[in-house]
Enquirer: 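Below you will find the structure I want to go over with you.
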Amino acid sequence: MITCFIPFGSPEETLITVQELQKSELVSQIFVIRSPDQNCMIDGAEVLILEPMTSGQTIRRMAALANTRYTLIYTRQSSLQLGQLALERFAQIADDTQSGLVYSNYMAVKDGKVENQPVIDYQEGSLRDDFNFGSVLFYRTEILKKAAEGVSEDFAFAGLYALRLGVSQYADLFRIPEFLYTEQESDLRKSGEKIFDYVDPKNRGVQIEMEKACTQHLKNVGAFLEPVFTPIQFDEQEFEMEASVIIPVRNRVRTIEDAIKSVLAQKTNFKFNLIIADNFSTDGTTELIQKYAEIDSRLVHVIPDRTDLGIGGCWNLAVGHPKCGKFAIQLDSDDLYMDETTVQQVVDAFYQQNCAMVVGTYQMVNFALEEIPPGIIDHKEWTPENGRNNALRINGLGAPRAFYTPVLRRIPVPNVNYGEDYALGLAISRHYQIGRIYNPIYLCRRWDENSDAALSIDVMNGHNLYKDRIRTIELKARKQSSLTVPPKGESLGH
């Protein structure tokens with residue numbers, strides 16, 4: 001009833017996994033995939049010499065070999081421990097739901113300790129290639145074979161990702177909210193140390209393949225957008241200021257002064273100001289901002305008249321302020337601009353590239369402003385031709401982000417503390433070009449008090465679920481047959 005494919009790790013660990021699978025009477029055949037330079041003989045399994053499971057050729061080969069109702073793919077080289085009647089449970093749920101892929105919560109051994117690893121529900125917008133299914137993927141073979149036909153044999157890295165996208169075109173991907181197995185966790189980094197993997201230059205080849213797979217999927221489901229953009233007229237409204245730097249802040253007394261100085265030191269050939277939305281700070285931040293506001297009239301200190309605002313709500317407040325300039329430029333309260341030319345470069349980019357949003361390049365630094373890995377993050381995965389399609393796959397767009405204020409005022413920024421900038425980028429890119437600056441203009445400070453430095457699994461799941469929901473909303477909008485730009489004054493919405 002089940003054909004199993006597992007990668008070869010060490011002989012000992014691979015044998016443990018094979019023996020674990022053999023305990024279930026549902027398992028008909030087990031294949032171990034090894035590379036040509038590995039040497040192994042495993043009792044109870046047939047050894048295949050193939051490329052890794054991320055290879056398109058391997059995916060198609062596995063699909064051809066699978067001849068049972070279900071196919072299990074285990075993606076880790078470490079040993080697998082199944083829970084009581086786990087495979088029976090996978091098969092039952094797959095039968096009951098007629099899903100194309102079934103996955104479950106799991107437990108992970110980290111530094112000798114067993115920790116629960118709940119995963120999240122898959123939805124239409126779960127297009128990011130790092131979606132965590134765990135390591136046990138349970139496919140209905142009929143659907144696996146159909147999806148594998150669309151996986152390019154040229155893929156070295158995106159095969160498994162393309163397979164999952166293909167499966168989603170034929171059937172549901174269903175999560176079992178039970179902890180059905182235990183795996184060994186090898187990546188023990190904190191959440192804040194993992195989030196930039198996809199833009200690490202050493203992973204560029206992988207990202208190019210992932211983009212190709214996602215782009216093809218968007219074409220298949222009718223959500224692909226051609227590179228045709230609505231032009232911007234920069235004379236929609238009159239503004240006293242050409243640009244406003246916007247800083248939402250709450251309790252950042254250790255860093256806000258550096259941010260303020262970074263803005264006030266800017267050299268431009270136009271008028272600009274700084275609007276700080278101070279969300280009821282209690283640690284001395286408010287007094288520090290007020291000190292600078294008394295010294296320099298360019299600093300506009302705004303305190304909300306309500307207490308339910310997140311970062312997005314503070315952005316709405318600042319952008320709606322009568323002193324907001326034609327362009328609204330982001331600066332986080334613990335970051336800095338690279339030098340005194342950043343604001344000028346951003347505004348120039350709007351006019352040169354005729355765009356509604358500009359995204360820059362940033363350099364990763366520690367609290368002392370010393371460069372740390374992976375260094376410069378340029379988000380070169382964004383291209384004018386395909387950036388707004390690839391944006392549905394990646395988890396962020398870069399920094400600093402800047403917006404043409406009339407367009408931004410037509411979009412309600414989600415009143416949340418995470419993902420509001422990504423939601424804006426997707427909504428804007430549906431109609432308008434997003435401009436890029438590929439030389440570093442921003443210092444992104446990583447320190448223990450960053451909001452994403454060391455998040456719990458539950459918080460990370462909440463963040464990922466929200467961004468996936470944002471993608472789902474955007475995907476549904478792009479699938480509509482007519483995507484007309486609202487007249488001036490009407491909302492684009494999300």
Enquirer: Main chain of Gly313, side chain of Asn415: is a donor-acceptor contact present, judged purely on distance under 3.5 Å?
Expert: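 Side chain of Asn415 to backbone of Gly313: a pair is present.
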
Enquirer: Evaluate side-chain contact (heavy atoms from CB on, under 4.5 Å) for Ile246 paired with Trp315, printing each intermediate quantity in order.
Expert: CA-CA 7 Å; Ile246 293 177; Trp315 261 90; 3.6 Å; yes

Enquirer: Counting N and O atoms only, with roles assigned by atom type, does the side chain of Ser55 sit under 3.5 Å from a partner on the main chain of Gln57, one being a donor and the other an acceptor?
Expert: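 Present.
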
Enquirer: Would you say the side-chain atoms of Thr141 pair up with the backbone N or O of Arg69, donor to acceptor, closer than 3.5 Å?
Expert: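 Side chain of Thr141 to backbone of Arg69, a donor-acceptor pair under 3.5 Å: yes, one is there.
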
Enquirer: Measure the spacing between CD of Glu46 and CZ of Phe31 and express it to the nearest 0.5 Å.
Expert: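 Reported value, rounded in 0.5 Å steps: 4.5 Å.
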
Enquirer: Side chains of Arg478 and Ser429 only: does a donor on one sit below 3.5 Å from an acceptor on the other?
Expert: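 Indeed, the side chains of Arg478 and Ser429 share at least one donor-acceptor pair under 3.5 Å.
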
Enquirer: Taking atom types as modelled, is there a side-chain donor on Tyr106 or Asn132 under 3.5 Å from an acceptor on the other?
Expert: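 Yes.
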
Enquirer: For the pair Thr17 (side chain) and Leu80 (backbone), establish whether a donor and an acceptor sit closer than 3.5 Å, ignoring hydrogens and angles.
Expert: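 Yes: the side chain of Thr17 pairs with the backbone of Leu80.
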
Enquirer: Would Phe133 and Tyr122 count as a side-chain contact (heavy atoms from CB on, under 4.5 Å) here? Give the steps.
Expert: CA-CA 9 Å; Phe133 293 95; Tyr122 195 88; 3.6 Å; yes

Enquirer: Applying the side chain to side chain contact (heavy atoms under 4.5 Å, CB included) criterion to Tyr337, which one of Ile441, Val346, Leu331 satisfies it?
Expert: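 Option passing the side chain to side chain contact (heavy atoms under 4.5 Å, CB included) with Tyr337: Leu331.
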
Enquirer: For a 4.5 angstrom cut-off between non-hydrogen side-chain atoms, does Val359 reach Ile437?
Expert: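 They are not in side-chain contact.
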
Enquirer: Under a plain distance cut-off of 3.5 Å, with no hydrogens placed, do Asp458 and Ser456 share a side-chain donor-acceptor pair?
Expert: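 Asp458 and Ser456 do not have a side-chain donor-acceptor pair below 3.5 Å.
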
Enquirer: Just checking, is any N or O donor in the side chain of Glu88 or Ser24 under 3.5 Å from an acceptor N or O on the other one?
Expert: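 On atom types as modelled, these side chains qualify, holding a pair under 3.5 Å.
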
Enquirer: With a cut-off of under 6.0 Å to the ring centre and 45° to the axis, is Lys467 in cation-pi contact with Tyr422?
Expert: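 Relative to the ring axis of Tyr422, which defines the angle, Lys467 lies inside both limits.
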
Enquirer: Could you report the tightest heavy-atom contact between Leu163 and Ala148, atom names first, then the distance?
Expert: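 Closest heavy-atom pair between Leu163 and Ala148: CD1-N, 3.8 Å.
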
Enquirer: Of all heavy-atom pairs between Gly150 and Arg60, which one has the smallest distance, and what is that distance?
Expert: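 Of all heavy-atom pairs spanning Gly150 and Arg60, the closest is N-NH1, 4.4 Å.
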
Enquirer: Count the heavy atoms belonging to other residues, nucleotides or ligands that lie under 6.0 Å from CZ of Arg469, then report whether that count exceeds 12.
Expert: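 Count not over threshold, so no.
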
Enquirer: Check whether any side-chain heavy atom of Lys380 sits under 4.5 Å from a side-chain heavy atom of Thr361, and report yes or no.
Expert: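 No, their side chains stay 4.5 Å or more apart.
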
Enquirer: Hey, does the side chain of Thr383 reach the backbone of Asn386 with a donor-acceptor pair shorter than 3.5 angstrom?
Expert: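 Looks like yes, one N/O pair under 3.5 Å.
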
Enquirer: Check for a donor-acceptor pair, side chain of Thr54 on one end and backbone N or O of Ala156 on the other, with a separation under 3.5 Å.
Expert: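 Side chain of Thr54 to backbone of Ala156, a donor-acceptor pair under 3.5 Å: yes, one is there.
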
Enquirer: Go through the side-chain N and O atoms of Tyr70 and Asp95 and say whether any donor and acceptor fall under 3.5 Å apart.
Expert: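 Yes, side-chain donor-acceptor contact under 3.5 Å.
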
Enquirer: Going by distance alone, is a donor N or O of one side chain under 3.5 Å from an acceptor N or O of the other, for Gln123 and Thr472?
Expert: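 Yes, a side-chain donor-acceptor pair sits under 3.5 Å.
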
Enquirer: Is any NZ, NE, NH1 or NH2 atom of the basic residue among Glu153 and Arg61 found under 4.0 Å from an Asp or Glu carboxylate oxygen of the other?
Expert: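 Result for this pair is no, no salt bridge flagged.
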
Enquirer: Side chains of Ile457 and Pro118, heavy atoms from C-beta outward: is any pair under 4.5 Å?
Expert: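 Yes, their side chains come closer than 4.5 Å.
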
Enquirer: Using only heavy-atom distances, determine whether the side chains of Thr97 and Asp172 contain a donor-acceptor pair under 3.5 Å.
Expert: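 No, because no side-chain N or O of Thr97 sits under 3.5 Å from a partner of the opposite role on Asp172.
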
Enquirer: Judged by atom type as modelled, is there a donor-acceptor pair below 3.5 Å linking the side chain of Thr58 to the main-chain atoms of Met53?
Expert: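 Side chain of Thr58 to backbone of Met53: no pair is present.
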
Enquirer: Taking all non-hydrogen atoms of both residues, which atom of Val319 and which atom of Ala328 are closest, and how far apart?
Expert: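 For Val319 versus Ala328, the nearest heavy atoms are CG2-CB, 4.4 Å.
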
Enquirer: Provide the closest heavy-atom pair for Phe155 versus Ala162 in the form atom of the first, atom of the second, distance.
Expert: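 Taking every non-hydrogen atom into account, CE1-CB, 3.9 Å.
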
Enquirer: The test is side-chain contact (heavy atoms from CB on, under 4.5 Å); show your working for Thr215 and Lys212 and say whether it passes.
Expert: CA-CA 5 Å; Thr215 300; Lys212 288 180 180 177; 5.8 Å; no

Enquirer: Determine whether more than 12 heavy atoms belonging to other residues, nucleotides or ligands lie under 6.0 Å from atom NZ of Lys145.
Expert: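 Enclosed: over 12 neighbouring heavy atoms sit under 6.0 Å from NZ of Lys145.
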
Enquirer: Indicate yes or no: at least one non-hydrogen side-chain atom of Asp332 is less than 4.5 angstrom from one of Tyr442.
Expert: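 Yes - at least one pair of side-chain heavy atoms lies under 4.5 Å apart.
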
Enquirer: Shortest non-hydrogen contact from Met1 to Ser28?
Expert: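 Shortest heavy-atom separation between Met1 and Ser28 comes out as N-OG, 2.5 Å.
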
Enquirer: Could you tell me if Gln77 and Glu13 have a donor-acceptor pair between their side chains, going purely by distance under 3.5 Å?
Expert: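 The answer is no; no qualifying pair exists.
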
Enquirer: Is any side-chain heavy atom of Phe90 less than 4.5 Å from a side-chain heavy atom of Val136?
Expert: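 Yes, side chains in contact.
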
Enquirer: Output yes when a side-chain donor or acceptor of Asn116 lies under 3.5 Å from a complementary backbone atom of Phe179, and no otherwise.
Expert: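 No: the side chain of Asn116 does not pair with the backbone of Phe179.
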
Enquirer: Out of curiosity, Arg34 CZ to Thr14 OG1, how far, rounded to the nearest 0.5 Å?
Expert: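 It is 11.5 Å, given to the nearest 0.5 Å.
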
Enquirer: Checking the side chain of Glu183 only, and the main-chain atoms of Ser78 only, is there a donor and an acceptor separated by less than 3.5 Å?
Expert: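 Checked: no pair found.
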
Enquirer: Of Met210, Arg204, Glu211, which is the lone residue that meets side chain to side chain contact (heavy atoms under 4.5 Å, CB included) with Ile208?
Expert: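 Exactly one pass, corresponding to Arg204.
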
Enquirer: Without swapping roles, check the side chain of Asn220 against the backbone of Gln169 for a donor-acceptor pair under 3.5 Å.
Expert: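 Answer holds: no.
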
Enquirer: Among Asp334, Asn366, Thr255, which one satisfies side chain to side chain donor-acceptor pair (under 3.5 Å) with Trp447?
Expert: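 Of the listed residues Asp334, Asn366, Thr255, the side chain to side chain donor-acceptor pair (under 3.5 Å) partner of Trp447 is Asp334.
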
Enquirer: Using the ring of Phe367 (Phe, Tyr or Trp, six-membered ring only), decide whether Arg445 places NZ or CZ under 6.0 Å from its centre and within 45 degrees of its axis.
Expert: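 The answer is yes; both the distance and angle limits are met.
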
Enquirer: Going from CZ on Arg254 to OG on Ser333, what distance comes out if it is rounded to the nearest 0.5 angstrom?
Expert: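 Output value for this atom pair is 12.5 Å.
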
Enquirer: Is a side-chain donor-acceptor pair under 3.5 Å present for Gln207 with Asn203?
Expert: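 Judged by distance alone, the side chains do not pair up.
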
Enquirer: Could you tell me whether the side chain of Glu124 reaches within less than 4.5 Å of the side chain of Lys479, counting heavy atoms only?
Expert: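 Yes, side chains in contact.
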
Enquirer: Do Thr3 and Leu72 make a side-chain contact, defined as non-hydrogen atoms from C-beta onward lying under 4.5 Å apart?
Expert: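 The answer is no; the side chains never approach within 4.5 Å.
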
Enquirer: Any salt bridge between Arg128 and Asp130, counting N to O under 4.0 Å?
Expert: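 Salt bridge: yes.
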
Enquirer: Taking it one step at a time, do Ile120 and Phe131 satisfy side-chain contact (heavy atoms from CB on, under 4.5 Å)?
Expert: CA-CA 9 Å; Ile120 62 176; Phe131 186 94; 3.8 Å; yes

Enquirer: Just by distance, no angles: are the side chains of Asn67 and Gln29 close enough, under 3.5 Å, to form a donor-acceptor pair?
Expert: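 Distance-only check fails for Asn67 and Gln29.
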
Enquirer: Using a 4.5 Å cut-off on heavy atoms from C-beta on, say whether the side chain of Tyr103 contacts that of Phe138.
Expert: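 The answer is no; the side chains never approach within 4.5 Å.
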
Enquirer: Report yes or no: do Asn395 and Arg471 form a side-chain donor-acceptor pair below 3.5 Å?
Expert: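 Side chains of Asn395 and Arg471: pair found under 3.5 Å.
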
